[in-house]
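Read the structure below first, then the notes.
The figures that follow rest on heavy atoms only: side chains count, while hydrogens, waters and symmetry mates do not.
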Amino acid sequence: MCKESINKRAILDVRNVLFELGIIDGVEDIPPLNKNLRDDLGLDSQELVSVAVELSSLSVCHQPLHEADMTSVNDLVVYLEQGRDVWLPTDTQYILQGAVIINQNIETVFSYISNYVKWPEVIQHVTKIESEFDDGRLQSFKMHIKELTSNEEYFVRSWRYVNAEVKIIDFTQVKPPIGFRLHKGGWRFIAVGPNQTKLVSYHGFDLESSTDVEDSIKLIRKHIQTALRVWVRYGDSHE
C-alpha cells in the first residue's frame, strides 16, 4: 500500500474516532491536520485520554498512544500510519476493534470462536445457529440474534475463513443487518503467556445512505464489547 493511501486511511480512521466521541459533529467534518487538539478543538484531558484509547484499539500490536504524545490532529494520523494493525480492512468506511486478555492458552481461546455452533449456549443475544456448510476451513451459517435492549429479532448470514495453523478467523456477512451495505471482520489470537491469550475482534462496515451512522457505530461497538466480556467470563469459569 502506497504512502498516500496509508495516509488517507489513517485520516479516515481519526475522523471516525473523533465523530464517535462527539468531538466533531459529522463524518463529513475532517479537521485540518495542523489543528491543535486543546487550543483549536477544545479537548480537555479526559477527552484526550478517550481519543488515545480509541486510536490505540486499532493498534493492538503497537505501543498504546499516550496523551503526552498528542498535540495536533496530525499526531493522531501519524500514530495510525505507523501502527494500524495490518489485518484491518482498508476498503470500508468504518472500522471498530476491541481486545481483551483471556486466562487460557491460545488453542483453547481459538476453539471458543471456531466452534460457532455452541455460541447460543454462551452468548445471550445469539439465540440460534443454523449451519449451512463447514469443511473445517470454510464455514457458512445463519446466526439468529435477539437484541438485549430492544428485543429486536433478526438473523445474519456469514461466510467464514478459518485457519487453525496461523490462528485467523475472518468473516463476511452476505446478509448483513438492515441498513448495512457491507459488513465483514474477524478475530485474531495473540499468545501473551503460557495460559494467557489476547483475543481481538474487529469489524469493518459500510452503510446505506439512509442509515444513521451514530446508531450503527454504537450497535457494532456494543456487540464487540459484549462478546469480549462474555469470552473473558467463559474463560475464567473454565480455568
Next item on the list: Just grab all the side chain to side chain donor-acceptor pair (under 3.5 Å) pairs involving residues 55-76, residues at least two apart or on different chains.
Entry: Arg38-Glu67
Notebook entry, point to check: If only atom types and distance count, is the side chain of Asn36 paired as donor or acceptor with the main-chain N or O of Leu41 below 3.5 Å?
Noted result: no
Notebook entry, point to check: Taking all non-hydrogen atoms of both residues, which atom of Phe110 and which atom of Ile168 are closest, and how far apart?
Noted result: CE1-N, 4.0 Å
Margin query: Surrounding NZ of Lys218 (heavy atoms of other residues, nucleotides or ligands, distance under 6.0 Å), is the total greater than 12?
Written below: no
Note to self: Checking the side chain of Asp29 only, and the main-chain atoms of Gly26 only, is there a donor and an acceptor separated by less than 3.5 Å?
What the structure shows: yes
Check: Going by heavy atoms in the side chains, are Val73 and Pro32 under 4.5 Å from each other?
Finding: no
Next item on the list: Could I get the full list of ring-ring contact (aromatic ring centres under 6.0 Å, His included) partners for Phe141, not counting sequence neighbours?
Entry: Tyr116
Check: Any side-chain heavy-atom pair from Phe205 and Leu182 closer than 4.5 angstrom?
Finding: no
Item checked: Sequence-distant partners of Ser150, side-chain contact (heavy atoms from CB on, under 4.5 Å), two or more places apart -> Glu147, Glu152
Next item on the list: State which residues pass side-chain hydrogen bond (donor to acceptor under 3.5 Å, both in side chains) with Asp212; sequence neighbours excluded, sorted by chain then number.
Entry: none
Next item on the list: Please lay out, stage by stage, how Trp119 and Val230 fare under the test side-chain contact (heavy atoms from CB on, under 4.5 Å).
Entry: CA-CA 10 Å; Trp119 285 3; Val230 164; over 6 Å; no
Next item on the list: To the nearest 0.5 Å, tell me how far Ile11 CD1 sits from Ile6 CD1.
Entry: 12.0 Å
Note to self: Within a 6.0 Å radius of atom NZ on Lys35, are there more than 12 heavy atoms belonging to other residues, nucleotides or ligands?
What the structure shows: no
Margin query: Measuring only between side-chain heavy atoms, which start at C-beta, is Arg160 closer than 4.5 Å to Ile113?
Written below: yes
Note to self: Return the CD1 to OG distance between Ile178 and Ser216, rounded to the nearest 0.5 Å.
What the structure shows: 11.5 Å
Notebook entry, point to check: Could you state the interatomic distance from CG (Asp13) to CD (Glu54), rounded to the nearest 0.5 Å?
Noted result: 12.0 Å
Check: Do Thr197 and Ile190 touch side chain to side chain, with heavy atoms closer than 4.5 Å?
Finding: no
Notebook entry, point to check: Roughly how far, to the nearest 0.5 Å, is the CG atom of Leu80 from the CG atom of Asn7?
Noted result: 10.5 Å
Check: Side-chain donor-acceptor pair under 3.5 Å between Asn163 and Tyr161, yes or no?
Finding: yes
Item checked: Separation of Gln93 CD from Ile95 CD1 (nearest 0.5 Å) -> 9.5 Å
Next item on the list: Sequence neighbours left out, what passes side-chain hydrogen bond (donor to acceptor under 3.5 Å, both in side chains) with Asp91? Give chain and number order.
Entry: Lys184
Margin query: Would you say that Lys146 contacts His125 through its side chain, given a criterion of any heavy-atom pair below 4.5 Å between the two side chains?
Written below: no
Margin query: I'd like to know if the side chain of Arg15 and the backbone of Val27 have a donor-acceptor N/O pair within less than 3.5 Å.
Written below: yes
Note to self: Measuring from atom CG of Leu12 to atom OG1 of Thr90, what distance do you get when rounded to the nearest 0.5 angstrom?
What the structure shows: 10.5 Å
Check: Are any side-chain N or O atoms of Thr226 and backbone N or O atoms of Lys222, one a donor and one an acceptor, separated by less than 3.5 Å?
Finding: yes
Check: Got a sec, which residues hit side-chain hydrogen bond (donor to acceptor under 3.5 Å, both in side chains) with Glu47, two or more places apart in sequence or on another chain?
Finding: none
Next item on the list: Quick one: list whatever passes side-chain hydrogen bond (donor to acceptor under 3.5 Å, both in side chains) with Trp87, sequence neighbours left out.
Entry: Gln97
Next item on the list: State whether Glu20 and Arg221 are salt-bridged, where the test is any N-O pair (Lys NZ or Arg NE/NH1/NH2 against Asp/Glu carboxylate O) under 4.0 Å.
Entry: yes
Note to self: Under a 3.5 Å distance rule, please check whether Asn103 uses its side chain to pair with a backbone N or O of Val232 as donor and acceptor.
What the structure shows: no
Notebook entry, point to check: So, for Leu18 and Pro31, which heavy atoms are closest and what is the spacing to 0.1 Å?
Noted result: CD1-CG, 4.0 Å
Check: With side chains defined as the heavy atoms from C-beta onward, is the minimum distance between Tyr234 and Tyr112 less than 4.5 Å?
Finding: yes
Note to self: Using the rule given for side-chain contact (heavy atoms from CB on, under 4.5 Å), can you reason through Ile217 versus Leu96, listing the C-alpha separation, both sets of side-chain angles and the distance that settles it, and then say yes or no?
What the structure shows: CA-CA 8 Å; Ile217 290 175; Leu96 297 177; 4.1 Å; yes
Next item on the list: Using the side chain to side chain donor-acceptor pair (under 3.5 Å) rule, collect all pairs that involve residues 164-183, keeping only residues at least two apart or in two chains.
Entry: Glu107-Lys167, Arg137-Glu165, Asp170-Arg188, Asp170-Tyr202, Gln173-His183, Arg181-Asp206, His183-His203
Check: Given Glu130 and His144, is the side-chain contact (heavy atoms from CB on, under 4.5 Å) satisfied, shown in steps?
Finding: CA-CA 8 Å; Glu130 295 181 80; His144 294 259; 2.5 Å; yes
Next item on the list: Return the set of residues passing ring-ring contact (aromatic ring centres under 6.0 Å, His included) with Tyr154 (not counting sequence neighbours), or none when no residue passes.
Entry: none
Notebook entry, point to check: Is the closest side-chain heavy-atom distance between Ser114 and Ile169 below 4.5 Å?
Noted result: yes
Notebook entry, point to check: Just wondering, more than 12 heavy atoms not from Asp25 lying within 6.0 Å of its CG?
Noted result: no
Margin query: Between Phe189 and Val200, does the side-chain contact (heavy atoms from CB on, under 4.5 Å) criterion hold? Intermediate values first, please.
Written below: CA-CA 6 Å; Phe189 309 82; Val200 182; over 6 Å; no
Checklist line | Nearest atoms (heavy-atom pairs only) where Asn34 meets Asp40 | finding: O-OD2, 4.4 Å
Notebook entry, point to check: Does the Ser201 side chain pair with the main chain of Ile224, one donor and one acceptor, at a distance under 3.5 Å?
Noted result: no
Note to self: Under 4.0 Å between a side-chain nitrogen and a carboxylate oxygen: does that hold for Arg9 and Glu81?
What the structure shows: no
Next item on the list: List for me each residue that meets ring-ring contact (aromatic ring centres under 6.0 Å, His included) alongside Phe19, sequence neighbours excluded, and say none if there are none.
Entry: none
Next item on the list: Each residue besides Phe155 in its hydrophobic cluster should be listed here, by chain and number; the cluster joins Ile, Leu, Val, Met, Phe, Trp and Tyr at side-chain heavy-atom distances under 4.5 Å.
Entry: none
Next item on the list: Answer whether the closest heavy-atom distance between the side chains of Val100 and Trp231 falls below 4.5 Å.
Entry: no
Checklist line | By side-chain contact (heavy atoms from CB on, under 4.5 Å) - contacts of Ile101 (at least two apart) | finding: Val192, Gln196, Lys198
Next item on the list: Would you tell me whether Thr108 and Asn105 have side-chain atoms, one donor and one acceptor, within less than 3.5 Å of each other?
Entry: yes
